Amino acid sequence: MFRRMGMTEVTELVELSADAAGLSRQDRLAQLRRQIASIPSRGDTSFSGPSVSGPGVSVAGVPVAGVSGTSAAASESVADRDRPVVDRAHKAGVLPVPEGIAALLPQGGLVRGTVVSVEGAASLLLGLVASVTASGGHVAVIGQPRLGLLAAYEMGAQLERLALIPAPGPDPVEIAAVLLDGMDLVILGLAGASVSPSRARAVVARARSKGSTLVVTEGHWDGAEVRLDARVHGYGGFGQGRELGRGRLSSLSLAVRARGRSFQPRTTRLDICSAAGRVEWVPSRPVEDVSSQVVSEQVVSSQVVSL
């Protein structure tokens, strides 16, 4: 059984033939899983299926978009020319995250086989996509039709390692469960839905067995190992004083909070800014434990009362 696939292999495995159009959903899923099982391990060049570079690719009857062919080669050459080597959090069992976010997490990244809940500013999702694909991983994004691919690319994402399922149909959780078989990271947009605890446990078990990480957003998911919340704290480049409101947007400030089962809540502040033609994550405030912040506020309040 293979572990990780290239983008061409992904498109080959998810393409269902026209003859399968009349099959039930269960039969299509069974056919997809047979296709997954037939793909050899990574590095084996004996597999040579048809190359798919246009529309019509699907997972269980759901269209999948991807970057391939000459456009992917062109984007890869440009990206490789300007992208530095990513070595942080590339240890076994951990997926890399943007600079600054790593300091919030005990393992310095997203642990494989876990579920992470992300809420708030979409920049955090884009940063995760960029970090994982830039380090050689493969990412699938489900139910996020407005994902900013240009912003992800400017953060360093390699788009040829990204699969998009913008319209997953009535059961996006099933699509995510299938894609956990071959992706390093699966981002699932729930569109406000709530996943039952029993089904969530089944998907978590699948992610753990496959060594993949599932990120859920825009919905409720019980049992997430880590919860990240990002809020826009301000913008840079618009001037100050009498020049306030004039200029050009040059940076975005995010306040990020992390909570988890194995650590106290932590917060930090980051600036997402343009530098040398790239978008970088720059920590602007050290990581702080929320518990210490509460104690400090209580001390200040007591001093004010005593005065």
Side-chain angles (χ1 to χ4, degrees), residues 75 78-91 94-112 114 116-139 141 144 146-159 161-162 184-185 187 213 215-217 225-238 247-260 263 265-290 293:
S75 64
V78 173
D80 289 344
R81 181 188 63 193
D82 298 328
R83 182 180 297 109
V85 176
V86 178
D87 55 4
R88 55 188 166 78
H90 197 53
K91 53 190 175 183
V94 178
L95 295 178
V97 296
E99 196 70 34
I101 302 298
L104 287 174
L105 305 173
Q107 300 298 326
L110 303 181
V111 178
R112 290 183 181 273
T114 62
V116 178
S117 174
V118 173
E119 297 297 335
S123 297
L124 183 52
L125 288 177
L126 296 174
L128 296 178
V129 170
S131 296
V132 174
T133 57
S135 68
H138 295 84
V139 179
V141 181
Q144 295 284 291
R146 300 184 65 182
L147 186 74
L149 293 182
L150 177 58
Y153 177 75
E154 290 176 341
M155 290 182 187
Q158 295 194 32
L159 300 185
R161 295 189 176 120
L162 177 64
D184 297 280
L185 176 67
I187 297 176
T213 300
V215 168
V216 294
T217 186
E225 189 76 18
V226 174
R227 297 185 181 276
L228 297 173
D229 184 77
R231 303 294 172 183
V232 176
H233 189 265
Y235 302 90
F238 290 138
R248 179 178 297 176
L249 178 64
S250 60
S251 65
L252 170 69
S253 178
L254 288 183
V256 184
R257 174 184 171 120
R259 294 175 292 153
F263 62 95
R266 303 169 179 175
T267 62
T268 190
R269 192 170 296 169
L270 306 138
D271 290 332
I272 304 177
C273 52
S274 178
R278 291 172 48 84
V279 175
E280 297 182 350
W281 294 65
V282 180
S284 59
R285 176 178 294 181
V287 173
E288 298 178 359
D289 289 337
V290 173
Q293 290 179 334

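The first residue of the sequence shown is numbered 1, and numbering continues consecutively from there. Every value quoted in this text rests on a predicted model; they were computed, and no experiment measured them.
Once rounded to the nearest 0.5 Å, the distance linking CG of L270 with CG of L252 reads 10.0 Å. Atom-to-atom distance recorded for S274:OG and E154:CD is 7.5 Å, nearest 0.5 angstrom. In this structure, the separation between CG on L228 and CG on L104 is 7.5 Å, given to the nearest 0.5 Å. Note that the CG atom of L95 and the OG atom of S135 stand 7.0 Å from one another [nearest 0.5 Å]. Between Q107 atom CD and T114 atom OG1 the span is 10.0 Å, to the nearest 0.5 Å. For the atom pair CG (L110) and CD1 (I101), the distance works out to 10.0 Å, reported to the nearest 0.5 Å.
In this structure, E280 has no salt bridge (Lys or Arg N to Asp or Glu O under 4.0 Å) partners at least two apart in sequence or on a different chain. Listed by chain and number, the residues in a side chain to side chain donor-acceptor pair (under 3.5 Å) with S117 are R227 (sequence neighbours excluded). With sequence neighbours excluded, no residue forms a salt bridge (Lys or Arg N to Asp or Glu O under 4.0 Å) with D271.
Between P96 and V132, the shortest heavy-atom distance links the atoms O-CG2, 3.8 Å. Residues L124 and W281 approach most closely at CA-CH2, 3.9 Å, considering heavy atoms. Between G148 and L126, the closest heavy-atom pair is O-CD2, 3.4 Å. The nearest pair of heavy atoms linking D229 to G120 is OD1-N, 4.3 Å. Here the closest non-hydrogen pair linking P283 and G100 is CG-CA, 3.8 Å. Contact detail for V94 and G108: the closest heavy-atom pair is CG1-C, 4.4 Å.
No donor-acceptor distance shorter than 3.5 angstrom exists from the side chain of T133 to the backbone of A157, with no hydrogens or angles considered.
For the side-chain contact (heavy atoms from CB on, under 4.5 Å) test with I272, the passing option among S123, S253, S251 is S123; the others fail. When L162, L125, V216 are each tested for a side-chain contact (heavy atoms from CB on, under 4.5 Å) with I187, only one passes: L125. Between V139 and the options L128, L185, V215, T213, a side-chain contact (heavy atoms from CB on, under 4.5 Å) holds for only L185.
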(request) Mind running side-chain contact (heavy atoms from CB on, under 4.5 Å) on V226 and F263 for me, showing each step along the way? (result) CA-CA 9 Å; V226 174; F263 62 95; 4.2 Å; yes
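Two residues are said to be in side-chain contact when any heavy atoms from C-beta on lie closer than 4.5 Å; E119 and T217 meet this criterion. Proximity of R257 to R266: side-chain heavy atoms (C-beta onward) are nowhere separated by under 4.5 Å.
We find that R112 and D184 are joined by a salt bridge, their nearest charged nitrogen and carboxylate oxygen being less than 4.0 Å apart.
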